[in-house]
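Below you'll find the structure, written out as C-alpha cells, and then a few comments.
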Protein chains: 4
Amino acid sequence: MKILTLLGSSRKAGNTEQLVKEITAGLKSSTIHLEDHHIKPIVDMRHTEQGFSHIEDDYEELLKQFLSHDIIIFATPIYWFGMSGQMKVFIDRWSQYLRDSRYNMKEELSKKTAYVVAAGGTNPKITALPLVQQFNYIFEFVHMNFEDYIIGNAVKPGEIELDGPSLTKAKVWNRKFAQLQAK
Amino acid sequence: MKILTLLGSSRKAGNTEQLVKEITAGLKSSTIHLEDHHIKPIVDMRHTEQGFSHIEDDYEELLKQFLSHDIIIFATPIYWFGMSGQMKVFIDRWSQYLRDSRYNMKEELSKKTAYVVAAGGTNPKITALPLVQQFNYIFEFVHMNFEDYIIGNAVKPGEIELDGPSLTKAKVWNRKFAQLQAK
Amino acid sequence: MKILTLLGSSRKAGNTEQLVKEITAGLKSSTIHLEDHHIKPIVDMRHTEQGFSHIEDDYEELLKQFLSHDIIIFATPIYWFGMSGQMKVFIDRWSQYLRDSRYNMKEELSKKTAYVVAAGGTNPKITALPLVQQFNYIFEFVHMNFEDYIIGNAVKPGEIELDGPSLTKAKVWNRKFAQLQAK
Amino acid sequence: MKILTLLGSSRKAGNTEQLVKEITAGLKSSTIHLEDHHIKPIVDMRHTEQGFSHIEDDYEELLKQFLSHDIIIFATPIYWFGMSGQMKVFIDRWSQYLRDSRYNMKEELSKKTAYVVAAGGTNPKITALPLVQQFNYIFEFVHMNFEDYIIGNAVKPGEIELDGPSLTKAKVWNRKFAQLQAK
C-alpha cells in the first residue's frame, strides 16, 4: 500500500500540509509538492491529426511517480472555492497521457484509491462542496475509488489546529493507513 | 458598456470560442485568450511579512485590460468538470492584486457583471453544475453581479452546432448586449 | 409518446403551471395535480418482516396513471429551495411500490424520460441547482432518462412572463414534443 | 440552551434516530417525531387577498414547541436524495407562519442554531451534498446559524454502528452540547 500525497499548495507548511502531516505521521509515504516542479498547462490536441506532442517540463517524471502509488491523497488549499491552479493544471494534463500508449493510465488510475484534503476559509464546510462534487466526477470518470474527504476550516498559518473535527478525521485516516501498511 | 471575453481554451476555434462568437457577433468587444499569454501560478505570500513580490509575466498587463471592461464573459472549456487550469491560474492571482494598492481591484470587480460560458461533454448540463456553483461563490466573494450562464454540450470541434438551447441563449445574450451598447 | 405532467403546486394557475401550459400547448397530454389528491407520507416498512401494508389513499390510482405515460414532466414550485412537500411525498412512496410485485415499477420507470420544471424566486438559476442535482440522482437511481430542465424565475402570479429564457425553452420543448407525437 | 430534535423518520429506532441518541445522550433535550403528528401540506395563499386560513392539524402546537428551543437538530433519513416528505411538509408550512403576526417567526428563527443529521445509503457522503446545500440555503434565508452536519452512511437497521466517522462526530457534538448546557 504505497501512499502518495499530491500537494497543490503554493506555500510551505500551510494548513493543508499540516493536515497531511497528521494523516501520514509515522507512515511510509511520498509527497509530490507541485509547487517545486515545472508543469505546463495542457494544450488540447485531442482533435488534431498529429495528436499531443512532447512537452518539455517535469510532468512525465511526476506522472510515473504518481502512477506507482496505490493511495493518492489529493491535498489542495481552497483557492477561490476550488482546487489550486497548480493542481488543476496537473489533472488537466491527464487528458494527454490517457492517450499516450506508453502509459496504461486508464487501467492504472482505476486501481487507485483517492482521498481529498482541502483547507480554506469562507465557510468551507459548505462552500467547498462543489469542489468535492467535482473531485467525485473526476474519480468516477477514471473509475478511481473515492474513499473520503476532509474539508479543513483554516486561513491563517496554524489555524487548522482549531478545527477539531478535521484533525480527528485526519487521525482516523492515519490509523487506517497504518493498519493497511501493516498487512 | 465595454465587453471582454476571458477565454480559457487551449485550442483555437473550439466549441467554447464558437459560442462566444455567437454571443459577440456584430458587437464591439475584446478578447483575452489566456493561452496566448504567459501567466505564472500564484505563490501565496498573504501571510508573510514582505507580502507578494513582483512576478515577471504578462499578468499585470492582462489585469489592466480586464479591469477596464464592464461586462466579463468567463468562457472556458470544461476540463475535468471544472474551468481550465489556465483560467484557474488567472483567477488565483486575483488574491495577489486584491492586496496591491496600485489597483483598486475590490471596488473595480464589484462594478462588473459576469457571464459564464462553459462547454464540454459527459452530461455537462448536470456535471458542470458544481462549476457554476463555484463561479457563483467567486462572484459573490468579490461582489460581482453574476448575470447568467450557458453550459454547452460539445466535445468534438463544431459539435456545439447541435446544441440548440445553448445557441439560442447565445443569441439572446447577443441581442441584449447589442441593446446595452446602443444606449 | 404519452406525456404526463406531475404537478406539485399547491395553488392553481401559478408560474410552474403556466410554464407547463406553454410546454404542452396544442399537445395531447395529461396532468396529475397532486394537490387534488390525498396521498399519505410513506411509512418505511422495508426492514420489517411483513413489509409494506396497504394504504388507504389515492396513491395506487395515481401510480397507475403515472406508469402509463412515456414522458413525465416533473413540475414543481420551488419551496424552500426544493421540490414541494406534495411532490416529495409522492416520490417517497415509490419505495413502497418498487417492492410491490403487482407493479413492475423498476422496469417501467427505466423506460421513461423525465423533464423537470421548477419555478421560484431567490436567485433560482443558482439556488435551485441542488434540486436539479437531487432529481438527477433520483432518475439515475431508477434508470430514468433525465432529458432536460427549466428553472423558472418567478414568485408572484404571472411573473414567469418576464423570464424570457424559460419561456423560450418551454417553446422548444413544445415543438420537440409535437414532433415526437406526430411520428 | 434548549435542544430540540426535529425527527423526520417514518420508522422507529432507525439509523437517523440512533445518531440523534448518541448526540443527545445524557442531555436535557426534546424531540418532535413528525411521524406521530398530523401535518397537512401547505396550500400557498401568499398571493390571495384573504391570505392563509386556519388549518386543522397539529402544526401550530408543534411550531410553538419548535420556536421555544435554541438549538434545532434537523434529523432526517435520506429518502430519494433529500429530506423525508414529512420534514419537507413541516418546513414548507413555515411560509404560512412567517406571515402570521401571532408568531414573531422571522426574528425567532434568526436566533436559533441549526444542526443537520441525515442518514441513508447510495454513497451518501457524496449524494447527500445537494441536501446539505439545500439546508444551507434554507438557514441562510431565515438567518439561522448553520453550525454543522453529519451525513450517516446506513440503510439497514443498526448499520450506522459501522459508520465510525459519523459516530465520532455525534460524540463530539454531545460533549459540546453538554458544555453549553453546563454554563
Side-chain angles (χ1 to χ4, degrees), chain A residues 8-16 34-35 38-48 76-96 98 121-124 126-142 155-159, chain B residues 8-16 34-35 38-48 76-96 120-124 126-142 155-159:
Chain A
S9 309
S10 72
R11 59 182 166 98
K12 297 283 178 182
N15 289 299
T16 308
L34 291 169
E35 185 60 21
H38 182 58
I39 305 175
K40 290 189 187 157
I42 196 163
V43 178
D44 180 6
M45 308 290 273
R46 285 176 298 167
H47 311 293
T48 59
T76 178
I78 305 170
Y79 289 165
W80 295 98
F81 309 98
M83 67 180 82
S84 70
Q86 285 87 337
M87 184 167 282
K88 189 56 175 36
V89 163
F90 181 88
I91 290 177
D92 282 358
R93 287 282 294 281
W94 285 4
S95 300
Q96 172 168 2
L98 279 165
T122 322
N123 196 16
I126 297 297
T127 59
L129 297 185
L131 174 58
V132 172
Q133 293 177 317
Q134 180 189 2
F135 268 121
N136 183 58
Y137 284 133
I138 291 172
F139 300 141
E140 274 188 351
F141 190 84
V142 296
V155 178
K156 292 187 192 156
E159 230 172 56
Chain B
S9 308
S10 72
R11 60 181 167 97
K12 297 282 177 184
N15 290 299
T16 308
L34 291 169
E35 185 60 22
H38 182 59
I39 305 174
K40 289 188 187 159
I42 197 165
V43 178
D44 179 7
M45 308 291 273
R46 285 175 297 167
H47 312 293
T48 59
T76 179
I78 306 171
Y79 289 166
W80 294 98
F81 310 98
M83 67 181 83
S84 71
Q86 284 89 335
M87 183 166 283
K88 189 57 174 36
V89 162
F90 181 88
I91 290 177
D92 282 358
R93 287 284 294 282
W94 285 4
S95 301
Q96 173 168 1
T122 323
N123 195 16
I126 297 297
T127 59
L129 297 185
L131 174 59
V132 173
Q133 293 177 317
Q134 181 189 2
F135 269 119
N136 183 57
Y137 283 134
I138 291 172
F139 300 139
E140 275 189 350
F141 191 84
V142 295
V155 178
K156 293 187 191 154
E159 229 172 56

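This is a predicted model, so every value here is computed, not measured. Sequence lines set the chain letters: A, B, ... in the order given, protein chains first and strands last, and positions in each chain run from 1.
- For I126(B), the parts lying near chain A are the backbone and the side chain together; criterion is any non-hydrogen pair under 4.5 Å.
- With W80(B) as the partner, the ring pair (Phe, Tyr, Trp, His ring centres under 6.0 Å) test is satisfied by one option alone out of F135(A), F90(A), F139(A), W94(A): W94(A).
- Distance check: F81(B) CZ to I91(A) CD1 gives 11.5 Å after rounding to the nearest 0.5 Å.
- Proximity to chain B (any heavy atom under 4.5 Å) is shown, for Y79(A), by both the backbone and the side chain.
- If you measure heavy-atom distances from R46(B) to chain A, the contacts under 4.5 Å come from the side chain alone.
- The part of M83(B) that comes within reach of chain A is its backbone (N, CA, C, O), which places non-hydrogen atoms under 4.5 angstrom from that chain.
- Ranking G14(B), S9(B), P41(B), P77(B) against chain A, the residue ahead of the rest is P41(B), based on heavy-atom pairs under 4.5 Å.
- Contact between K88(A) and S84(B) at its shortest, heavy atoms only, is NZ-CA, 4.0 Å.
- Both the backbone and the side chain of V155(B) come within contact range of chain A, with heavy atoms under 4.5 Å apart.
- Note: H47(B) leads M87(B), K156(B), M45(B), H47(B) in heavy-atom pairs under 4.5 Å with chain A.
- Residues D44(A) and S10(B) approach most closely at N-OG, 2.7 Å, considering heavy atoms.
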Start with the C-alpha distance between Y137(B) and N123(A), add both sets of side-chain angles, then the distance that settles side-chain contact (heavy atoms from CB on, under 4.5 Å), and finish with yes or no.
-> CA-CA 11 Å; Y137(B) 283 134; N123(A) 196 16; over 6 Å; no
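- The contact between S95(B) and chain A is made by backbone and side chain atoms together, counting heavy-atom distances below 4.5 Å.
- The greatest number of non-hydrogen atom pairs below 4.5 Å with chain B, out of L129(A), D92(A), V89(A), L131(A), is found for D92(A).
- At least one donor-acceptor pair closer than 3.5 Å links the side chain of Q86(B) to the backbone N or O of I42(A).
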